Amino acid sequence: NVWLTGGAGVVRCSYSAGRLAVNGFWPVFMPLSISQDGSGRIWIGAMGENAYYISPDDDQLHSLKALSAHFTFITSCLSLENGNVLTSAFQYGLGEIDGSATHVRQLSVDENMWQDCIRRSVFVPSCMYQDSDGLVWIGTVANGLMTYDLSSGNLTRVPGAPCLDVAAIE
């Protein structure tokens with residue numbers, strides 16, 4: 001399957017003979033990111049405080065309240081090595097969804113670490129990547145690149161990035 005997002009929702013396609021064929025559509029307002037976890041769930045970050053997922057068990061769209069804030073959006077969903085899903089949200093930091101998709105825990109970051117990393121404007125995450133050592137790299141708009149250590153909870157600014165707007169990491 002090839003999964004695509006657009007302004008109106010999420011589309012599942014198959015690719016055969018050089019052509020895409022749509023074989024599923026789920027309406028999600030302004031999806032911003034997509035990731036597949038080890039259980040085959042497709043996670044979607046979008047406008048608003050909910051994270052969404054499409055379950056392979058019932059092929060249905062489910063929502064999970066990821067934040068108690070009102071004006072925000074989940075810019076990135078990252079499937080972690082431990083089976084959980086990490087979310088990043090405009091102005092509200094990081095959340096971790098357990099592997100059974102039933103609980104969201106807001107990750108606590110020391111205020112001094114936030115102040116060291118967020119030097120301009122507010123936290124506007126654009127992308128995340130987990131490296132082979134388990135360290136999570138976070139690209140932002142206006143605040144460059146930072147790392148988050150899941151085991152210690154440390155958020156660290158990475159100096160030397162060529163630009164303060166990081167759009168993708170691999």
Side-chain angles (χ1 to χ4, degrees), residues 1-13 22-109 113-114 117-118 121-131 134-143 145-151 153 155 166-170:
N1 290 322
V2 176
W3 293 85
L4 305 171
T5 63
V10 177
V11 178
R12 180 182 57 211
C13 301
V22 174
N23 55 35
F25 172 79
W26 296 266
V28 175
F29 177 67
M30 293 297 295
L32 300 170
S33 66
I34 193 168
S35 179
Q36 185 170 15
D37 70 15
S39 298
R41 285 181 293 253
I42 300 297
W43 287 92
I44 303 127
M47 298 300 285
E49 66 274 2
N50 290 329
Y52 299 90
Y53 67 95
I54 300 166
S55 172
D57 298 329
D58 62 10
D59 213 30
Q60 298 294 310
L61 180 69
H62 302 268
S63 66
L64 185 63
K65 192 165 181 80
L67 296 161
S68 57
H70 293 291
F71 179 74
T72 191
F73 44 93
I74 298 174
T75 58
S76 189
C77 292
L78 173 67
S79 296
L80 299 171
E81 293 172 352
N82 66 7
N84 293 348
V85 174
L86 189 66
T87 62
S88 61
F90 169 71
Q91 272 188 314
Y92 293 101
L94 304 171
E96 188 171 9
I97 302 170
D98 68 34
S100 61
T102 59
H103 179 71
V104 180
R105 173 177 68 97
Q106 290 309 120
L107 300 181
S108 178
V109 174
M113 289 181 191
W114 273 119
C117 290
I118 310 301
S121 182
V122 296
F123 183 57
V124 185
S126 55
C127 55
M128 295 189 294
Y129 169 76
Q130 187 175 31
D131 68 20
L135 194 63
V136 175
W137 294 77
I138 304 166
T140 69
V141 174
N143 284 295
L145 185 62
M146 54 191 77
T147 60
Y148 182 75
D149 186 323
L150 290 161
S151 60
L155 184 70
V166 178
I169 305 169
E170 183 57 46

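Excluded from the calculations below are hydrogen atoms, water molecules and symmetry mates; all remaining heavy atoms, backbone and side chain alike, are included. Predicted model only: the values in this text are computed from it and were never measured.
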Exercise. Any chance you could measure Thr87, atom OG1, to Glu49, atom CD, to the nearest 0.5 Å?
Key: 12.5 Å
Self-check item: Residue list, side-chain hydrogen bond (donor to acceptor under 3.5 Å, both in side chains) with Ser76, at least two apart or on another chain
Solution: none
Practice problem: Return the minimal non-hydrogen interatomic distance between Pro31 and Gly9, and the atom names on each side. | Solution: CG-O, 3.5 Å
Quiz item: Under a 4.5 Å cut-off applied to non-hydrogen side-chain atoms, are Ile138 and Leu94 in contact?
Solution: yes
Quiz prompt | Derivation and outcome, side chain to side chain contact (heavy atoms under 4.5 Å, CB included), residues Val28 and Thr5 | solution = CA-CA 9 Å; Val28 175; Thr5 63; over 6 Å; no
Quiz prompt | Ser88 side-chain N/O to Thr75 backbone N/O, donor-acceptor pair under 3.5 Å | solution = no
Practice problem: Taking all non-hydrogen atoms of both residues into account, name the closest pair between Ile169 and Gly139 and its distance. | Solution: CD1-N, 3.5 Å
Exercise. Not counting sequence neighbours, which residues clear salt bridge (charged side-chain N to carboxylate O under 4.0 Å, His left out) with Asp59? List them please.
Key: Arg12
Exercise. Would you name the heavy atoms of Tyr92 and Leu67 that are closest together and state the gap between them?
Key: CB-CD2, 3.9 Å
Self-check item: Working for side chain to side chain contact (heavy atoms under 4.5 Å, CB included), residues Asp149 and Leu135
Solution: CA-CA 5 Å; Asp149 186 323; Leu135 194 63; 4.0 Å; yes
Quiz prompt | Single hit among Phe90, Phe73, Trp114 for ring-ring contact (aromatic ring centres under 6.0 Å, His included) with Phe123 | solution = Trp114
Exercise. Sorted by first residue and then second, give each side-chain hydrogen bond (donor to acceptor under 3.5 Å, both in side chains) pair with at least one member in residues 26-37; sequence neighbours left out.
Key: Ser35-Ser79, Asp37-Arg41, Asp37-Trp43
Quiz item: Between CG of Leu78 and CD of Gln130, what distance do you get to the nearest 0.5 Å?
Solution: 6.0 Å
Exercise. For the pair Leu86 and Leu107, evaluate side chain to side chain contact (heavy atoms under 4.5 Å, CB included) and give the outcome as yes or no after the intermediate values.
Key: CA-CA 10 Å; Leu86 189 66; Leu107 300 181; 3.5 Å; yes
Exercise. Tell me, please, which residues at least two apart from His103 pass ring pair (Phe, Tyr, Trp, His ring centres under 6.0 Å).
Key: none
Quiz prompt | Pairing residues for Val104 by the side-chain contact (heavy atoms from CB on, under 4.5 Å) criterion, not counting sequence neighbours | solution = Leu64, Ala66, Ile97, Gln106
Self-check item: Rounded distance (nearest 0.5 Å) linking atom OG of Ser126 with atom CG of Leu145
Solution: 9.0 Å
Exercise. Can you see which heavy atom on Ala51 is nearest to which on Ile74, and at what distance?
Key: N-CD1, 3.8 Å
Practice problem: Might you point out which heavy atoms bring Gly134 and Leu150 nearest each other, and give the distance in Å? | Solution: O-CD1, 4.1 Å
Practice problem: Go through the steps to decide whether Cys117 and Asn143 satisfy the test side chain to side chain contact (heavy atoms under 4.5 Å, CB included), and finish with yes or no. | Solution: CA-CA 7 Å; Cys117 290; Asn143 284 295; over 6 Å; no
Self-check item: Taking every non-hydrogen atom, the tightest pair across Asn50 and Lys65
Solution: OD1-CA, 3.2 Å
Quiz prompt | Residue pairs fulfilling salt bridge (Lys or Arg N to Asp or Glu O under 4.0 Å) with at least one residue in residues 76-98, sequence neighbours excluded | solution = Glu96-Arg105
Quiz item: With a 4.5 Å heavy-atom cut-off, do Ile42 and Ile34 have their side chains touching?
Solution: yes
